[in-house]
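Contents: one structure, followed by commentary.
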Amino acid sequence: MLALTELTGWNVTYIRIGIEAFVLLAGWLLGGPVSFGTFLFCVTIGSMPAWCCRNAKRSQAACLDRPPALGRKG
């Protein structure tokens with residue numbers, strides 16, 4: 001997923017949705033059940049890695065930019 005993002009320059013969300021759609025199609029062609037929930041999962045799971053990466057970067061920046069904690073005397 002991240003390699004495809006680096007190669008194409010596309011957003012992680014679109015790459016992930018494409019991967020999930022390909023797997024959904026392959027499963028359906030092999031005879032697996034596809035319903036509304038399967039399609040909904042395919043579309044919504046694509047945005048989760050992008051959201052997590054964005055928040056992880058924000059958390060990392062907040063932790064690294066924070067001044068060191070001062071110990072208590074006594």
Side-chain angles (χ1 to χ4, degrees):
M1 171 181 64
L2 294 176
L4 286 173
T5 302
E6 290 293 323
L7 287 173
T8 61
W10 294 356
N11 192 346
V12 175
T13 303
Y14 303 130
I15 296 290
R16 183 64 187 208
I17 289 173
I19 291 170
E20 291 294 331
F22 177 76
V23 171
L24 176 72
L25 179 65
W28 179 69
L29 290 174
L30 290 171
V34 175
S35 65
F36 178 72
T38 311
F39 180 75
L40 184 66
F41 179 82
C42 173
V43 173
T44 58
I45 196 66
S47 60
M48 294 309 291
W51 183 80
C52 291
C53 288
R54 189 170 43 249
N55 285 335
K57 286 180 184 178
R58 192 177 307 144
S59 297
Q60 179 185 17
C63 289
L64 294 178
D65 291 342
R66 188 178 345 160
L70 300 175
R72 284 198 255 173
K73 294 181 181 180

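Reckoned from all heavy atoms, side chains included, excluding hydrogens, waters and symmetry mates.
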*asked:* Do F41 and V43 sit in one hydrophobic cluster, given that two such residues count as connected whenever their side-chain heavy atoms are within less than 4.5 Å of each other, even indirectly?
replied: no

*If you look only at pairs with a residue in residues 15-32, which of them pass as a salt bridge (Lys or Arg N to Asp or Glu O under 4.0 Å), with sequence neighbours excluded?*
R16-E20

*If a pair satisfies salt bridge (Lys or Arg N to Asp or Glu O under 4.0 Å) and one of its residues is in residues 27-38, list it, with sequence neighbours excluded.*
none

*State which residues pass side-chain contact (heavy atoms from CB on, under 4.5 Å) with I17; sequence neighbours excluded, sorted by chain then number.*
T13

*Linking Ile, Leu, Val, Met, Phe, Trp and Tyr through side-chain heavy atoms less than 4.5 Å apart, which residues share a cluster with Y14?*
none

*With ILVMFWY side chains joined below 4.5 Å, transitively, what does L7's cluster contain besides itself?*
none

*Mind listing the closest non-hydrogen atom pair of A21 and C42 along with its distance?*
N-SG, 3.4 Å

Can you list, pair by pair, the side-chain donor-acceptor contacts under 3.5 Å of residues 22-40, counting residues two or more places apart and other chains?
unit_1 : atom_1 : unit_2 : atom_2 : d
T38    : OG1    : S35    : N      : 3.4

